[in-house]
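Here's the structure, in C-alpha cells; my notes come after.
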Amino acid sequence: MAEITKSYEPQEVEKKWYAAWMAANAFAGKEDPAKQPYTIMIPPPNVTGVLTMGHVLNNALQDVLIRRARLEGKAALWVPGTDHAGIATQTVVERELRKEKKTRHDLGRDKFLEKVWSWREEKGGIILKQLQALGASCDWSRTQFTMDPAYSKSVLGVFIDLYKKGNIYRGKRMVNWCPVSHTALSDEEVIMKPTKGFMYQVRYELVEQPGHYIEVKTTRPETIPGDVAIAVHPDDPRYATLIGKKVRRPLGPVAEIPIIADQAVDKEFGSGALKITPAHDKVDYEIGQRHKLPAIDVLNHDGKLNDLAGPELAGLDRFAGRKKAAELLKESGALVKEEPYENNVGYSERADVPIEPRLTWQWWLKYPRVEDAKAAVMEGHIKFYPERWSKVYLHWLENIQDWCISRQLWWGHRIPVWYRKGLEKESLTEADLRDPTKVHVSLEGPPDKDNWLQEDDVLDTWASSWLWPFATLGWPDEIAMAKAGYGYFYPTTTLVTGPDIIFFWVARMIMAALEYTHPGQPLSQCVPFKNVYFTGIIRDGQGRKMSKSLGNSPDPLDLIAKYGADGLRFGIISMAPQGQDIRFQEDRIESGKNFCNKLWNACRFRQMSGPMSDNSSPAKIYARLTSEQFDADDHAIIDRMLATTREVDRCFAEFEFSAAVHALYGFFWNDFCDWYVEVSKTKLQTLELKGNCLAIQDLVLRQTLLLLHPFIPFITEELWHELGYAGPEPVDGGAPRAFIEDVRLDHASQMASTGMLHGLTINYEAAAEIQRIKQTVSLLRALKAENGEAANKQVEFVVEGADRQWATVEANLAKLKRMLGASSITRSTTIPGGPVCVTAHGSWTLIRQLKGDPAVERARLTKEIEALAKHIAGTEARLANVTFVSKAPPAVLEGARKQLAELQAKKTENERLLAGLG
RNA sequence: GGACGUUUAGCUCAGUUGGUUAGAGCACCUCGCUUACACCGAGGGUGUCGGGGGUUCGAGUCCCUCAACGUCCA
C-alpha cells in the first residue's frame with residue numbers, strides 16, 4: 001500500500017468517492033423487511049436556485065442523519081427534488097424576456113411556458129449537482145419535480161377532491177395583490193415592514209353646512225377618489241349630529257358621500273373620523289359591506305391609477321399619484337397638514353414592493369384537518385426540535401384563515417376548472433359553480449373542450465409542495481406507490497427545515513397528510529414525518545441575514561474548493577447549535593479543514609508506525625489485542641472512546657449535531673492525538689509492546705472513522721480503505737468491494753459488551769490514574785516554560801516523594817520522559833534546590849546549570865500557597881456551615897472533604913519547600 | 001400590543017436535571033520544524049456570567065422585575 005500524502009488534498013478524494021458511491025448505487029433506498037426504515041424528503045429547493053449557505057447546513061444535516069441511519073443498519077431513503085417555485089421562476093424568465101424588450105403576453109401562454117420549460121431544462125439541475133459536491137447521499141434515481149406529470153396529477157387530484165368536498169370555493173374578496181407580479185398572494189407571502197411616509201390631514205366640506213369641515217387622516221391620499229363614505233364611531237359626541245349628513249369628496253370626480261356610524265372606527269385615532277375606501281383597504285371593505293356601500297377601484301392591476309381617479313391622476317403610478325394628490329389637495333385648500341409618518345406596510349415577499357389590498361375573484365381553501373393537525377403535535381406523534389416551535393405552530397392553527405390558492409401566473413398547475421363558453425365568469429353564483437352544465441371540474445377536462453374555457457389561474461406553489469412527503473412516493477397511484485415503497489417508507493422519519501416556513505410548508509404538509517394518507521388509521525400512521533428539526537438561520541458576521549443584494553453570502557462552492565466538502569460540513573455543523581441562529585465565521589470552516597488534516601495525519605502516522613495487520617473486522621482487531629500488556633493509557637483511551645461513543649449516541653437521540661462534532665473533535669484531537677499517540681511513541685520502540693499498541697490504535701481509529709463518517713463522509717471513506725477496514729481491495733485497482741456504510745456502527749453499550757466478549761475489561765482505576773499523570777505533566781511542562789526551557793529541550797528532573805508516588809512514576813517512566821522532554825527523572829530524598837513544583841506524584845525539581853534566583857522561587861511558591869489558602873478557606877467555611885453539612889447530599893459532602901484534604905496536603909508541601917529555600 | 005429567543009473571555013459561542021477554582025474554537029503573546037501533522041506541538045486568561053431583587057446550605061443554571069438586541073404574530 002502506498003504511503004498517503006503529507007497533507008489531505010480533498011479534491012481528488014471527493015470526486016473519486018462520489019463517483020464510486022454512485023456507480024455502486026450506494027444511495028438507493030431499498031425496502032428490506034429485516035431492517036427499520038429511515039426516510040427523509042428533501043425540502044425541495046427552487047428549480048432555478050443555486051446553493052446557499054442555508055442549503056449547505058440544511059442538507060449537510062440531512063446527509064448526516066441518513067448516513068448515520070445506514071451505519072446503524074437501517075434502510076435509509078433520502079428523496080431529492082426541486083420545486084417549480086411559481087412566482088420566482090416566472091419572474092426570472094420574464095426578466096430574461098425583458099432584455100429582448102418583450103413581455104410574456106407578447107409570446108402568449110403556450111410559447112411562454114415552452115420558454116420556462118427550456119429554461120428549467122437548462123438551469124434546473126444546477127442545485128442538485130451542487131448538492132452532490134457537498135456529498136449529499138440522496139437516492140438520485142427518485143429525483144422529483146413538482147411539475148412532473150405524476151406529481152401534477154396528484155396536485156390536481158387533490159384540488160378536485162377538496163372542491164368536491166366543499167373545502168374549495170371561488171369568491172370575490174380582498175386579497176394581497178402584488179402590482180409587480182400581477183397576482184394575488186397569500187397572507188404568508190406578505191412581509192410587514194415599518195415604512196417611512198407621510199400622514200396627510202385632509203378636510204371634507206359638509207354639504208349641508210358649507211364652510212364647515214370634517215377632518216380625516218390618511219397615508220394614501222391618492223385613494224380619495226375611491227372614497228364612498230366618512231365613518232365615525234356611533235358613540236362619538238363630536239359627530240353625533242353629523243351622522244347621516246353628507247360631505248364633498250375633495251379629490252377626483254365630484255361626488256357627495258355620506259357620513260356613517262360604525263363600531264369599527266377608533267375614536268382615539270386622529271380626529272376620530274375615517275375615510276372609507278372599500279376597494280383599497282380591508283377594514284374599509286368590511287365597513288362598506290355592512291353599510292352596503294359600493295367599492296370604487298381606482299387602481300389598475302399594475303398599481304397605476306385609472307380613470308375613476310379623475311383626469312389629473314389617471315395613468316400615474318400609485319406613488320407618483322400620491323404626490324400629485326397631495327399637491328392637488330394643497331392647491332384646493334383641502335390639505336390641512338402633512339407630516340412625516342412611519343407605519344407598517346405589507347410588502348410582497350418576492351417582488352419586495354408594497355402590496356395592494358385588492359378586490360378580486362380568487363379560489364380559496366378551507367383547510368382540512370385543522371384539529372387533527374394540532375393534536376398530532378400536542379400528542380407527540382410529531383416532535384419538534386427545538387420544542388418551542390410547536391407553540392408558534394399551534395398559535396397559527398388557532399387563528400387559521402382560509403388560504404388563497406389561486407395565482408394569476410402561467411407557470412404552475414393550471415386549475416382544472418372549465419367554464420362553459422358564453423358565461424360571465426365574474427357573475428357565477430355558488431349554485432352555478434356546482435352546476436356541471438356550467439362549470440366542469442376534472443383532471444381530463446370536458447370531452448367537448450371547444451365549448452369550454454379553462455380557468456386561467458394556476459395554484460399557489462405551496463398548494464403543490466404540501467403533498468411532498470407522500471406524492472414523492474407515488475401517491476395516489478397504487479402501482480407507483482407499491483414501486484416506491486410507500487407502505488414501507490411512509491410516514492417519513494425526519495424533516496429538516498427552517499422555522500421560517502412553518503406556516504408555508506410544515507403545517508400545510510401535516511394537514512394534507514392527515515387528510516390523504518392511511519385513511520382510517522390512527523394519527524401516528526398518517527403524519528407525514530415523526531420529527532421536525534428546525535435549523536437556525538445563517539447570518540453574516542454582523543448578524544444580518546444573508547442575501548444576494550447585500551452580497552454577504554459566501555459561495556459554498558468556493559468554500560468547498562478552499563476547504564473541501566468535509567471541511568465545510570464539519571465547520572458549519574460545529575457552529576450551529578440546536579435552535580440558535582448562526583453567525584457565519586469562515587475560520588470555523590478552516591478549523592473543519594484542519595480537523596480533516598489532523599485525522600489524515602493521525603492515520604498516516606499509524607501507517608508509518610508499522611505494517612497494517614488484518615483490520616477487516618472488529619473480531620480480527622480484538623484478536624490482536626493482548627490484554628495482559630494493557631497499561632493505564634490503553635485503559636484510559638478505550639474508556640474515553642466508549643464515553644465519546646455514548647455521547648454521540650445521545651446527541652443523535654436529541655438532535656444535537658454541533659455537540660456531537662465537538663465531542664468527537666475533543667476526543668480525537670486531545671485524548672487520542674495529543675496524548676495517546678504521543679505516549680504510543682515510546683511503546684512502539686519496544687518490539688513486544690508494539691503489536692498490542694497498534695491494535696489499540698486500529699480499534700480507536702476504526703471507531704472514530706465510523707462516528708465521524710456521517711459528518712465528513714469523503715475523508716473517512718478514503719481512510720477506511722487506506723487502513724484496511726474495508727478488507728482486501730481489488731488487486732486490479734477496480735471498484736472497491738465494500739464501503740464504510742456497509743458495516744454496522746454499534747452503540748456504546750453494544751461496543752462495551754463486544755469488548756467484554758473478547759476479554760477486554762476496562763480498569764477504571766488505571767484510567768483515573770492517567771488523569772492525574774496528565775495533570776502532573778501539565779504542571780511540569782509549565783514549570784519548564786516558566787523557566788525559559790523550550791518544550792523539546794531535554795532536562796533533568798529530581799523527584800522527592802513517597803514510595804507510592806515514586807512507584808507510579810517508575811511504572812510510567814518512559815512515557816513521562818517523552819511527554820516532559822526529560823533526559824532523566826531520578827528519585828531523591830532531598831530537595832536539591834531550583835525551580836520546584838508540587839504534584840500528585842511528589843515534588844519535582846527542575847535541574848538547571850544556573851540555579852534559579854531564590855527570590856523568584858520564593859515569590860512563586862508564596863503565590864501558590866496564597867491561592868491554595870484562599871481555596872482552603874472557602875472549602876472550610878462551607879464544611880463549617882451546619883446547614884450545608886446537614887442538607888447537602890453525602891456525595892457532595894464527601895467530595896468537599898476529600899478536596900480539602902488534598903488542598904491542605906499540597907499547601908503543606910509547598911510550605912515545606914518554601915522553608916527549605918531558607 | 002402579544003409570543004418567543006438572545007445577553008457568559010477581545011470575537012463567535014458551549015455550559016445536560018442547581019453542587020469543586022465557569023469552558024471551547026478563533027484571535028493574541030512566548031518558545032519550539034522533537035522520527036504523523038507548522039493545516040502542527042508546548043505554555044500563557046485579570047470574565048461585575050446584561051442590571052436589580054428573590055428562593056436555597058449552595059444560583060451562570062430556578063422564580064420575579066427592568067433594560068438592550070433579534071425574530072414571529074397582530
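Each chain gets a letter, A, B and so on, in the order its sequence line appears, and its residues count up from 1.
Separating the CG atom of L701(A) from the C1' atom of rC37(B) is a distance of 14 Å, rounded to the nearest angstrom. Going from atom CG of D587(A) over to atom C1' of rA24(B) covers 13 Å, rounded to whole Å. We find that CZ of F595(A) is positioned 13 Å from P of rG25(B), with the value rounded to whole Å. Going from atom CG of L783(A) over to atom P of rA42(B) covers 17 Å, rounded to whole Å. Rounded to whole angstrom, the span from the CZ atom of R539(A) across to the P atom of rU12(B) amounts to 14 Å. Going from atom CD of Q794(A) over to atom P of rA42(B) covers 16 Å, rounded to whole Å. Across the protein-nucleic acid pair, I537(A) atom CD1 and rC72(B) atom P stand 7 Å apart, rounded to whole Å. The nearest whole Å value for the distance from the CZ atom in R604(A) to the C1' atom in rA38(B) is 13 Å.
Atom NZ of K690(A) is surrounded by more than 12 heavy atoms from other residues, nucleotides or ligands within 6.0 Å. The number of heavy atoms from other shown groups lying within 6.0 Å of CD (E894(A)) does not exceed 12.
In this entry rA59(B) has no Watson-Crick or G-U wobble partner, no candidate having both defining distances under 3.5 Å. Across the strands present, rG32(B) finds its partner in rC40(B); the criterion is a Watson-Crick or G-U wobble pair with both atom distances under 3.5 angstrom. rG10(B) is paired with rC26(B) under the Watson-Crick or G-U wobble criterion, all donor-acceptor distances under 3.5 Å. Partner assigned to rG1(B) is rC73(B), using Watson-Crick or G-U wobble distances below 3.5 angstrom.
Residue L820(A) is out of contact with every strand shown, counting any heavy-atom pair closer than 4.0 Å. Using a 4.0 Å heavy-atom cutoff across all strands shown, P499(A) reaches no nucleic acid atom at all. Among the heavy atoms of the strands lying under 4.0 Å from R818(A) is at least one base atom, whether or not backbone atoms are also near. Y563(A) comes within contact range of no nucleotide atom at all, as no heavy-atom separation falls under 4.0 Å. Residue contacts for T875(A): at a heavy-atom cut-off of 4.0 Å it reaches no nucleic acid atom on any strand shown. Residue-level contact check: A782(A) touches the backbone only, with heavy atoms under 4.0 Å from sugar-phosphate atoms and none from bases.
The same atom, C1', is picked in rA9(B) and in rG45(B); the two are 7 Å apart, to the nearest Å. Look at the C1' atom in both rA42(B) and rU48(B): the space between them is 33 Å, to the nearest Å. Separating the P atom of rC11(B) from that of rU56(B) is a span of 37 Å, rounded to the nearest Å. Distance noted for atom C1' between rA59(B) and rG19(B): 10 Å (whole Å). Across the P atoms, rC40(B) and rA27(B) are found 9 Å apart, a figure rounded to whole Å. Taking atom C1' on both nucleotides, rU61(B) is separated from rU8(B) by 12 Å, rounded to a whole Å. Comparing the P positions of rA14(B) and rU7(B) gives a spacing of 7 Å, expressed to the nearest Å. A distance of about 41 Å separates the C1' atoms of rU35(B) and rU46(B), rounded to the whole Å.
The side chain of N601(A) contributes no N or O atom lying less than 4.0 Å from OP1 or OP2 of rC40(B). Considering only side-chain N and O atoms, W669(A) lies nowhere under 4.0 angstrom from the phosphate OP1 or OP2 of rC37(B).
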Solution key, residues 655-666 of chain A side-chain donor-acceptor pairs under 3.5 Å, sequence neighbours excluded:
unit_1	atom_1	unit_2	atom_2	d
E656(A)	OE1	R650(A)	NH2	3.3
H662(A)	ND1	S658(A)	O	3.1
H662(A)	NE2	S574(A)	O	3.2

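None of D633(A), D634(A), D671(A) except one satisfies the salt bridge (Lys or Arg N to Asp or Glu O under 4.0 Å) rule with R640(A); the exception is D671(A). Checked against Y563(A) for a side-chain hydrogen bond (donor to acceptor under 3.5 Å, both in side chains), the options R569(A), E586(A), K593(A) give a single hit: E586(A).
A donor-acceptor distance shorter than 3.5 angstrom exists from the side chain of K784(A) to the backbone of A791(A), with no hydrogens or angles considered.
Checking rG41(B), rU20(B), rG32(B) against the side-chain heavy atoms of N792(A) singles out rG32(B) as nearest. The listed nucleotides are rA42(B), rA74(B), rU12(B); the one nearest the side chain of R781(A) is rA42(B). If you check rC57(B), rC31(B), rC39(B) against the side chain of A790(A), the one that comes closest is rC31(B). With rC39(B), rG32(B), rA36(B) as the choices, the nucleotide that has an atom nearest any side-chain atom of E9(A) turns out to be rC39(B). With rC39(B), rU12(B), rC73(B) as the choices, the nucleotide that has an atom nearest any side-chain atom of R583(A) turns out to be rU12(B). Listed nucleotides rC26(B), rG43(B), rC73(B) differ in distance to F503(A); the shortest reach to its side chain belongs to rC73(B). In the set rU12(B), rG19(B), rC31(B), rG19(B) carries the atom at the smallest distance from any side-chain atom of A888(A).
Ion pairing of K193(A) with D352(A) is present here, as a side-chain N (NZ or NE/NH1/NH2) and a carboxylate O approach within less than 4.0 Å.
Side-chain contact between F884(A) and L893(A): present, with at least one pair of heavy atoms (C-beta onward) separated by less than 4.5 Å. Side-chain contact between H747(A) and F652(A) is absent, with no heavy atoms from C-beta onward closer than 4.5 Å.
Contacts of residues 672-686 of chain A with RNA chain B (heavy atom under 4.0 Å): C673(A), D674(A), V677(A), E678(A), K681(A), Q685(A).
Listed by chain and number, the residues in a side-chain hydrogen bond (donor to acceptor under 3.5 Å, both in side chains) with N692(A) amount to none (sequence neighbours excluded). With sequence neighbours left out, the side-chain contact (heavy atoms from CB on, under 4.5 Å) criterion links N58(A) to P43(A), Q62(A), V496(A), T535(A).
If you check distances only, the side chain of K6(A) never reaches the base of rC37(B) with a donor-acceptor pair under 3.5 Å.
For the pair A602(A) and E656(A), both in contact range of RNA chain B, the more 5′-proximal nearest nucleotide belongs to E656(A). Nearest-nucleotide positions on RNA chain B place S591(A) closer to the 5' end than the other of S591(A) and K598(A).
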What string of B, S and - do you get for nucleotides 1-10 of chain B, 5' to 3', if B is base contact, S is sugar-phosphate-only contact and - is no contact with any protein heavy atom under 4.0 Å?
--SSSS----
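Sorted by first then second residue, the side chain to side chain donor-acceptor pair (under 3.5 Å) pairs that include residues 500-511 of chain A, not counting sequence neighbours, are E188(A)-R508(A), Y367(A)-R508(A).
For W396(A) and F503(A), the gap between ring centers is short of 6.0 Å.
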